[in-house]
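Read through the structure below, which is laid out as structure tokens, and then see the notes.
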Amino acid sequence: MIWNTYKSWIRSYRDLPLLINQWANVVRWEMRTRLFLRTAEFLWQEGHTAHATSAEAMEEARRMLDVYSTFSEEWMAMPVIKGIKTANERFAGAVETFCIEALMQDGKAIQAGTSHFLGQNFAKAFDVTFANKENNTEYVWASSWGVSTRLIGALIMAHSDDKGLVLPPKIAPVQVVIVPIYKNEELRIAINEKAIAIKDELKAHGIIVKYDEDERQTPGWKFAEYELKGVPLRMGIGPRDLESQTVELARRDDLTKSTVSMQGLPQLILNLLDEIQTSLYNKALSFRDANITTVETFDEFKKVLDENGGFISAHWDGTSETEIKIKEETKATIRCIPLDNPLQEGKCIYSGRKSMQRVLFAQAY
RNA sequence: CGGGGUGUAGUACAGUUGGCAGUAUGCCUGCUUUGGGAGCAGGAGGCCGCAGGUUCGAGUCCUGCCACCCCGACCA
């Protein structure tokens, strides 16, 4: 559809570049679905662009890969490896497929986003041409890219623990929840007043805060509930706090608690939220890096896959044949050839043939 | 589509050789509680997936059907 439209819209170089983005609900037949990761119906964003030159289209594909990786890392606190897909894993019709790969806590990899340099393949297939400055007819150069609600699944699996969801502050729908603790009606009113004042103060500083004054649940119940829901920061205000002009802050990421003064709360909390965001990212990054194993032999490869999982950095002879055989024997695929991959001569772990670089293998979602 | 499993209270499950339908949790009422999913007492709640069959008697045994879950092949 996009390309049929392109055909009617594009006449000359003055029409280029053409950048289209659409959000679409997609329905696909799936043999087997997986919650969030592979659902029969899902929402995605797809971009399609047409350019006058190859370099421009390539630049666009790379730019979007950066947009996706920045979002993953800085907002979702989920480190990703930017890379190129092998011919085998490449999107049909693409000249080059780029991807961002993340590692989940169970040791399996997930593709979090992808962008493609399509060359002139689609232009030729749909006959989309333009007149260049010299009035010569040329096929347009294209890129496409997308992410989907699969990111939600990745987010959940990247950070959550046995107590439930853990959300990075920058995308948490509620960043701070205030839980009042009281023994009688008189205290309830006093604490209520204080809590509302604090809530308003935090709100004025742009913090997304919820005050849970529901009287039907005990504080303990609320503590557990908000942990389950992944609220980054919980603030408890009770009689003792009222007495000493303090509040109790509990971090969701490391489950630590501290008692702090009511003075200067907004700035303290803004700092804490930043710290949680950074800490979540660093924790995921350490985990990821600790689970990239370099191997030299296929036996080692299988052992690591079996006992540890994660990414495996190994030499590969560059053939689809070898890649497919490894997949058949181990279910592991080449997730990507990292963009900044150093060239290094070696021997393919499977065929023993000459290899120019290591690539990243993993079992993937 | 192939292989495996499960259907019993709102939810999660137990139910022996065929013999009164159970436990936990949740729910309702009351009192005491409230700084980590409160305690005690009392109470309500069931087409045992559906349809047949065997039997004096079926949650339990037999036959057929239906639904859901897991694994595999497909895929982002």
Side-chain angles (χ1 to χ4, degrees), chain A residues 24-47 65 68 72 80 85 88-94 97-102 104 108-116 144-155 157 162-164 177-192 194-195 212-229 231 234-244 246-252 255-260 324 327-328 331 333 335-336 362-365:
Chain A
N25 238 37
V26 185
V27 174
R28 283 189 186 170
W29 168 252
E30 293 292 348
M31 293 275 197
R32 234 160 85 66
T33 56
R34 209 180 218 303
L35 195 62
F36 289 114
L37 304 183
R38 191 173 303 109
T39 43
E41 182 177 12
F42 60 96
L43 178 66
W44 82 359
Q45 162 275 123
E46 55 177 321
L65 193 71
Y68 292 151
S72 289
V80 292
K85 285 291 189 190
N88 217 29
E89 299 275 323
R90 189 153 59 211
F91 171 62
T97 288
F98 301 98
C99 63
I100 50 173
E101 293 284 330
M104 301 294 99
K108 288 174 83 172
I110 189 168
Q111 178 176 308
T114 182
S115 75
H116 314 284
S144 74
W145 21 271
V147 292
S148 76
T149 36
R150 164 173 256 217
L151 282 178
I152 307 281
L155 178 75
M157 292 196 295
D162 288 349
K163 287 180 181 292
V177 63
I178 303 176
V179 176
I181 300 148
Y182 43 82
K183 293 192 198 306
N184 54 50
E185 185 62 11
E186 190 188 343
L187 275 168
R188 189 185 72 78
I189 291 167
I191 287 164
N192 204 38
K194 201 76 204 176
D212 188 347
E213 53 186 318
D214 194 331
E215 292 173 44
R216 293 171 301 182
Q217 259 89 33
T218 61
W221 193 92
K222 292 175 185 174
F223 293 174
E225 183 70 5
Y226 291 110
E227 272 163 9
L228 196 64
K229 290 180 174 172
V231 177
R234 184 186 74 236
M235 180 187 298
I237 308 178
R240 292 206 300 266
D241 296 304
L242 210 56
E243 193 70 27
S244 57
T246 58
V247 297
E248 181 187 72
L249 292 177
R251 287 170 62 151
R252 179 62 184 91
L255 300 168
T256 59
K257 288 191 269 198
S258 59
T259 300
V260 302
I324 289 166
K327 183 180 179 180
E328 278 170 0
K331 287 178 196 160
T333 51
R335 300 319 302 157
C336 71
Q363 287 181 350
Y365 279 106

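Here is how names work: the chains are called A, B, and so on, in the same order as the sequence lines, proteins then strands, and each is numbered from 1.
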Under 3.5 Å, which N/O atoms of the protein pair with N/O atoms of nucleotides 25-34 of chain B?
residue: U34(B); atom: O2'; partner: Tyr182(A); partner atom: O; Å: 3.2

Enumerate all atom pairs, one protein N or O and one N or O from nucleotides 3-7 of chain B, separated by less than 3.5 Å.
none

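The local environment of NZ in Lys327(A) is sparse, with at most 12 non-hydrogen atoms from other residues, nucleotides or ligands closer than 6.0 Å. Heavy atoms of other residues, nucleotides or ligands lying less than 6.0 angstrom from CD of Glu186(A) number 12 at most.
Going from the C1' atom of C65(B) to that of C40(B) covers 49 Å, rounded to whole Å. Comparing the P positions of U23(B) and A44(B) gives a spacing of 13 Å, expressed to the nearest Å. Across the P atoms, G72(B) and A14(B) are found 25 Å apart, a figure rounded to whole Å. G19(B) and C71(B): their C1' atoms are spaced 40 Å apart (whole Å).
Heavy-atom distances to RNA chain B give each of Glu248(A) and Trp29(A) a nearest nucleotide, and the one nearer the 5′ end belongs to Glu248(A). Nucleotides of RNA chain B nearest to Glu41(A) and Leu228(A) differ in position, and the one nearer the 5' end is that of Leu228(A).
The residue Gln111(A) sits close only to the backbone: its heavy atoms come under 4.0 Å of sugar-phosphate atoms, none of a base. Among the protein residues, Leu37(A) comes within range of the nucleic acid bases, having at least one heavy atom under 4.0 Å from a base atom. As judged by a 4.0 angstrom heavy-atom cut-off over every strand, Thr33(A) is placed among residues making no nucleic acid contact. At a threshold of 4.0 angstrom between heavy atoms, the contacts of Arg188(A) with the nucleic acid are absent. Base contact: Phe42(A) has a heavy atom under 4.0 Å from a base atom. Across all strands shown, Lys257(A) has heavy atoms under 4.0 Å from base atoms, whether or not it also approaches the sugar-phosphate.
Across the protein-nucleic acid pair, Arg34(A) atom CZ and A76(B) atom C1' stand 13 Å apart, rounded to whole Å. Put simply, CH2 on Trp221(A) is 14 Å from P on G35(B), counting in whole angstrom units.
Not counting sequence neighbours, the partners of Glu225(A) by the salt bridge (Lys or Arg N to Asp or Glu O under 4.0 Å) test are Lys229(A).
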Run the side chain to side chain donor-acceptor pair (under 3.5 Å) test on Tyr226(A) and Asp212(A) for me, step by step, so that the C-alpha distance in whole Å, both residues' side-chain angles and the decisive distance to 0.1 Å come before the verdict. CA-CA 10 Å; Tyr226(A) 291 110; Asp212(A) 188 347; 2.6 Å; yes

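Between Cys99(A) and Arg335(A) the shortest heavy-atom distance is SG-O, 3.8 Å. Closest non-hydrogen pair, Leu37(A) versus Gly153(A), comes out as CD2-CA, 3.9 Å. The shortest heavy-atom contact between Tyr68(A) and Thr114(A) is CE1-O, 3.6 Å.
Applying the Watson-Crick and G-U wobble criteria (two distances, each under 3.5 Å), A51(B) pairs with U63(B). Under the Watson-Crick or G-U wobble criterion, with both distances below 3.5 Å, A73(B) is left unpaired in every strand shown. Shown here, C40(B) forms a base pair with G30(B); the pair counts as Watson-Crick or G-U wobble because both key distances fall under 3.5 Å.
Salt bridge Glu213(A)/Arg188(A): absent, no basic N to carboxylate O contact under 4.0 Å.
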